[in-house]
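Note on naming: letters A, B, ... go to the chains in the order of the sequence lines (proteins, then strands), and numbering restarts at 1 for each one.
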Number of protein chains: 2
Amino acid sequence: MSATPAVGRPRAFDEEAVLDRAAEVFWRHGYDGASLSALTSAMGINRPSLYSTFGSKEQLFRRAFARYHEEKLADTRAALDRPTAYAAVRAYLCVSADGLTAGNQPPGCLSIQGGLACAPGNAGISDVLAAGRAGTEAALEERLARAVREGDLPEDTDISGLARFVMALSEGHAVHAAAGASREELQASIDMAMRAVPLRP
Amino acid sequence: MSATPAVGRPRAFDEEAVLDRAAEVFWRHGYDGASLSALTSAMGINRPSLYSTFGSKEQLFRRAFARYHEEKLADTRAALDRPTAYAAVRAYLCVSADGLTAGNQPPGCLSIQGGLACAPGNAGISDVLAAGRAGTEAALEERLARAVREGDLPEDTDISGLARFVMALSEGHAVHAAAGASREELQASIDMAMRAVPLRP
DNA sequence: CACCATGTGTACCGAGCGGTAGACTGGGCC
DNA sequence: GGCCCAGTCTACCGCTCGGTACACATGGTG
């Protein structure tokens, strides 16, 4: 599907580039609100090309989201790679807030705007988004577990509770960003939140 | 529209009761994902009754959401009516988490599942939801301002930042609840968050 | 008890949905 | 340079969408 075959007319578009355009439409309008016409028009290709390449609207979404999520997860892992849990959490929240308010993409987060609640036939969309968010939360929790091992957080820290807290906060920031909150407004919320992380630097 | 006229065939349903059923459908499937067939079937009335009573799908949503939001806002105000900011914030987060995981209604929150991102023609839906959330955040901030006046919070507290932090957290909890998080899991996150509120009880 | 304003039920509207058939296009390979 | 085959294009499919026309049911009022 993705490898260019030796024979035949070559594809006139870059698969990953059009996935990014598709992600943007899903991001702005949600899965149910993103029509095939809006998608093909944003992607610059027409329906048969879309269907022969991606198979269906749902598979297109899964591909677009997977690409989006891998990129975000890489950013998250990079942010978490700080010497202390405090610095790691702060970096994660800041990087997240930056992404939520970056000017070159829709405000907020595809994992949430994509379809927290979907039409009855599209429940799988909500599931794949929830799985993505759970993956990010797991990365957070893993970093906190490491901090406990390293003596950077107290032995009795509820790391899954703390990871859930940090994740929930960044999800809430996504909701705020989708409604127009600025980077500075999110930063004020982060400053408050950082009081909650045990062991200041 | 709402007052029963003296003459003519009487209405066979209770207007506010069917609004609650409608809210549940919007809540589960979002505005775009809630079809008129699903709505009428859940409400137990048929299309012409719905249209003569409420006017359109969008007006139905606005009425259903207004009812939902007024009720939640009353709960919020009641929870915030505690002697200290600490107790008020904690009560708000707990009442919120209870509502997000109550068994007799869909998990999560209509203000968020209803339509963070909508089809291009339905942008007004996202706006009315955002306005509702902003109203809740304003109630929080007002309570914190009172706490500063009463000397319960330090003079230099960033009350809007703190209100935004608390609101964002409860929005994140809504996202978690929509994905199946339990009341206990949200409670662990609340316990973490409460470290961030200045002046313990 | 006939009237009549209103609510309810069926059956339908045009539009747009997600998805596809089939003719045409164009570049690598012998 | 002619063949081949994947990609692209136009035009269309059946279906469901949000919304409505119109005939019938209902019950208080004179």
>> Heavy atoms within less than 4.0 Å of DNA chain D: which residues of residues 24-38 of chain B have one? Give them sorted by number.
In response: B/Ala34, B/Ser35, B/Leu36, B/Ser37
> D/dC9 C1' sits how many Å from A/Arg47 CZ, rounded?
Replying inline: 13 Å
> Is a side-chain donor or acceptor of B/Glu142 paired with a backbone partner of B/Glu137 at a separation under 3.5 angstrom?
Replying inline: no
>> Does D/dG19 have its OP1 or OP2 closer than 4.0 Å to a side-chain nitrogen or oxygen of B/Tyr51?
In response: yes
> Do the side chain of B/Arg9 and the base of C/dA5 come within less than 3.5 angstrom through a donor-acceptor pair of N or O atoms?
Replying inline: no
>> In this structure, how many angstroms lie between the C1' atom of C/dC17 and the NZ atom of A/Lys57, rounded?
In response: 9 Å
>> For A/Arg164 and A/Asp158: C-alpha separation, side-chain torsions, deciding distance, then whether salt bridge (Lys or Arg N to Asp or Glu O under 4.0 Å) applies.
In response: CA-CA 10 Å; A/Arg164 196 174 306 119; A/Asp158 175 7; 5.8 Å; no
>> Please report the distance, rounded to the nearest Å, between CG in B/Asp14 and P in C/dT8.
In response: 12 Å
>> Without decimals, in angstroms, what is the distance between A/Ile45 CD1 and C/dG19 C1'?
In response: 14 Å
> Short question: side chain of B/Gln105, backbone of B/Gly99 - any donor-acceptor pair under 3.5 Å?
Replying inline: yes
>> Can you measure A/Glu15 atom CD to D/dT8 atom P for me and round it to whole angstrom units?
In response: 11 Å
>> Can you see if the side chain of A/Ser49 gets near the phosphate of D/dG7 - specifically, an N or O under 4.0 Å from OP1 or OP2?
In response: no
> When the distance from CZ of A/Phe54 to P of D/dG7 is rounded to whole Å, what number comes out?
Replying inline: 12 Å
>> Within 45 degrees of the ring normal and closer than 6.0 Å to the centroid, is that where the cationic atom of B/Lys57 sits relative to B/Tyr31?
In response: yes
> Looking only at atom types and distance, does a side-chain atom of A/Arg133 sit under 3.5 Å from a main-chain N or O of A/Ser111, one as donor and one as acceptor?
Replying inline: yes
>> Applying side chain to side chain contact (heavy atoms under 4.5 Å, CB included), can you list everything that pairs with A/Ala147, at least two apart in sequence or on another chain?
In response: A/Ala85, A/Arg143, A/Asp152, A/Leu153
>> Strictly below 4.0 Å: does B/Arg11 bring a side-chain N or O up to OP1 or OP2 of C/dG7?
In response: yes
> Rounded to the Å, how far apart are A/Leu39 CG and C/dG16 P?
Replying inline: 17 Å
> With sequence neighbours left out, what residues match A/Asp14 under side chain to side chain contact (heavy atoms under 4.5 Å, CB included)?
Replying inline: A/Glu16, A/Ala17
>> Check this one for me: any side-chain N or O of A/Asn46 less than 4.0 Å away from OP1 or OP2 of D/dT8?
In response: no
> What is the distance, rounded to the nearest whole Å, between atom CG of A/Asn122 and atom C1' of C/dG18?
Replying inline: 11 Å
